[in-house]
Enquirer: 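My questions will all concern the structure given below.
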There are 2 protein chains.
Amino acid sequence: MVIMIELAVLGFLRDAQLHGYDLRKRIAALTGHVRPIADGTLYPLLKKMEAAGLLSRSLQPGQVAAPRQMLSLTDSGRTELERQLRDPDELFITDENRWFTLLAFLRHLDDPAAQAAVLLRRLEFLTQPASFFWDGDRPLRAVDFDDPFRRGLFTIATATSRTEIKWLRSTLEQLEA
Amino acid sequence: MVIMIELAVLGFLRDAQLHGYDLRKRIAALTGHVRPIADGTLYPLLKKMEAAGLLSRSLQPGQVAAPRQMLSLTDSGRTELERQLRDPDELFITDENRWFTLLAFLRHLDDPAAQAAVLLRRLEFLTQPASFFWDGDRPLRAVDFDDPFRRGLFTIATATSRTEIKWLRSTLEQLEA
DNA sequence: GAACGATACCTCGACTCCGAGGTATCCTGT
DNA sequence: ACAGGATACCTCGGAGTCGAGGTATCGTTC
């Protein structure tokens, strides 16, 4: 299982040096409304990433009270960010919350072709034949249900896919121009 | 952390008795394209749910070869399903994959008012003021970025929310009629 | 009879994440 | 001086999940 917030940590630190607390707040803003991240997840991860040489820390006086850790991305961290952006784990392609995290930092890939390759993966995912329910080999559609909630499921999934597919195609055209 | 697939197990078994292998395939169809569930997650969970009295198992000859376990929801399991549908964990409201699981089985709540209450929670979630990025106290919008990917993030999130909000409102009207 | 493949279920060590509880620092108010 | 609050960071035991490896059963083929 891939670490959900590692990419966010790398991405935000690529944007700018940040204090741990600030970083926490930015991650919360990006994905926390869907899925909050506990301190118990973040701080050990920061520690681990420092140990792995992905980021460095220096202690500074706090803004109001407590001292704070200034976090900076190392060259190694930068490389790791680019690696993760270029070749993201499948869950970053399929799970919306993770996909949004990926989008938030994709500009840090210099190569439009690499950016396009990532978008293509998402496009393939969204355009693959899929259904939530099957009758043997036959995918069931909204009309197969007299249940408004299952109908809603299809309606929502179809509409949201359509919107995103449109954006993906349009953005891919720009990247190839 | 709430068990992601427990609701799916309860829901599918509420639909019909199923063999473990069939159940696995249905869950995979419902949510597996986004997030596949490992056997190591499912089978111990079935065991745990049996121990908790939520489901019962009886061994049957397999369709082709190996013997299979026929799984049936108990009255207790039924009650637990209704409890989870009526008062779902917050993550089932906010995380799309889980929300879809919830929608798939919401018809098993008899009370339209209880169904409506769940939809209202999702509506509140989708209509709350939110942004992915902030500048101090100010939420940033798509126009604040010249980065096409962050712009896309807002575009996609806004459009998909709009679609679902529309469906939610329409369905709530039907439930109240 | 043995090997293989398909069906069907299981375990285990490792990893990720949670939530509760905690520590540390500084400033303000009593 | 002490308590409380806000800022800022940390740990730990428990829960959920993964992926790899495994067992069991039956039918088919050689």
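A note on names: the letters A, B, ... follow the listed sequences, proteins ahead of strands, and every chain is numbered from 1. Keep in mind that what you see is a predicted model, and the values were worked out from it rather than measured.
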Enquirer: Let me know the distance between CG of A:Asn97 and C1' of C:dC17, rounded to the nearest Å.
Expert: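 Interatomic distance, CG of A:Asn97 to C1' of C:dC17: 14 Å.
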Enquirer: Figure out the CD1/C1' separation between A:Ile3 and C:dA14, and round it to whole Å.
Expert: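 A:Ile3 atom CD1 is separated from C:dA14 atom C1' by 12 Å.
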Enquirer: Return each pair, listed once, that meets side-chain hydrogen bond (donor to acceptor under 3.5 Å, both in side chains) where at least one residue sits in residues 115-127 of chain B; pairs must be two or more places apart or across chains.
Expert: B:Glu90-B:Arg121, B:Arg122-B:Glu164
Enquirer: Whole Å only: how far is the CD1 atom of A:Ile5 from the C1' atom of C:dC17?
Expert: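 Those two atoms, CD1 and C1', are 9 Å apart.
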Enquirer: How are the rings of B:Trp167 and A:Phe149 set to each other: parallel, tilted or perpendicular (split at 30° and 60°)?
Expert: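 Answer is perpendicular, since the angle exceeds 60°.
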Enquirer: Looking at residues at least two apart in the chain, or sitting in another chain, which of them share a side-chain contact (heavy atoms from CB on, under 4.5 Å) with A:Leu140?
Expert: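 side-chain contact (heavy atoms from CB on, under 4.5 Å) check on A:Leu140 returns A:Phe133, A:Asp135, A:Arg138, A:Asp144, A:Phe145.
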Enquirer: Rounded to whole Å, how long is the line connecting atom CG of A:Leu59 with atom P of C:dA24?
Expert: 14 Å
Enquirer: Specify the separation, in whole Å, of atom CG of A:Leu91 and atom P of C:dC15.
Expert: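 The answer, rounded to whole Å, is 18 Å.
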Enquirer: To the nearest Å, how far apart are A:Leu18 CG and D:dA8 P?
Expert: 13 Å
Enquirer: According to a strict under-4.0 Å criterion, is B:Lys25 in side-chain N/O contact with OP1 or OP2 of C:dA8?
Expert: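 No, outside the criterion.
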Enquirer: List, one per line, each side-chain donor-acceptor pair under 3.5 Å for residues 36-47 of chain B, sequence neighbours excluded.
Expert:
unit_1  : atom_1 : unit_2  : atom_2 : d
B:Asp39 : OD1    : B:Arg24 : NH1    : 2.5
B:Asp39 : OD2    : B:Arg24 : NH1    : 2.7

Enquirer: Hey, can you pull the donor-acceptor pairs under 3.5 Å for the side chains in residues 102-111 of chain A, sequence neighbours left out?
Expert:
unit_1   : atom_1 : unit_2   : atom_2 : d
A:Arg107 : NH1    : A:Ala104 : O      : 3.0
A:Arg107 : NH1    : B:Asp147 : OD2    : 3.4
A:Arg107 : NH2    : A:Asp15  : OD1    : 2.6
A:His108 : NE2    : A:Asp15  : OD1    : 2.8
A:Asp111 : OD1    : A:Ala113 : N      : 3.1

Enquirer: For residues 58-100 of chain A, which residue pairs qualify under ring-ring contact (aromatic ring centres under 6.0 Å, His included), counting only residues two or more places apart or in two chains?
Expert: A:Phe100-B:Phe132
Enquirer: Write down the distance between CZ (B:Arg98) and P (C:dC17), rounded to a whole number of angstrom.
Expert: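 Result: 12 Å.
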Enquirer: Please work out if A:Leu45 contacts a base, only the sugar-phosphate, or nothing of the nucleic acid, heavy-atom cut-off 4.0 Å.
Expert: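 No contact at all - A:Leu45 keeps every heavy atom at 4.0 Å or more from the nucleic acid.
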Enquirer: Nucleotides 9-12 of chain C: which of its N/O atoms have a protein N/O under 3.5 Å away?
Expert:
unit_1 : atom_1 : unit_2  : atom_2 : d
C:dC9  : OP1    : B:Gly20 : N      : 3.4
C:dC9  : OP1    : B:Gln69 : N      : 2.6
C:dC9  : OP2    : B:Tyr21 : N      : 2.3
C:dC10 : OP1    : B:Arg57 : NH1    : 3.2
C:dC10 : OP2    : B:Arg57 : NH1    : 3.2
C:dC10 : N4     : B:Asp39 : OD2    : 3.2
C:dT11 : OP1    : B:Lys47 : NZ     : 2.8
C:dT11 : OP2    : B:Lys47 : NZ     : 3.2

Enquirer: Calculate the interatomic distance between A:Leu42 atom CG and D:dT11 atom C1'; express it in whole Å.
Expert: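 Computing the A:Leu42:CG to D:dT11:C1' distance gives 14 Å.
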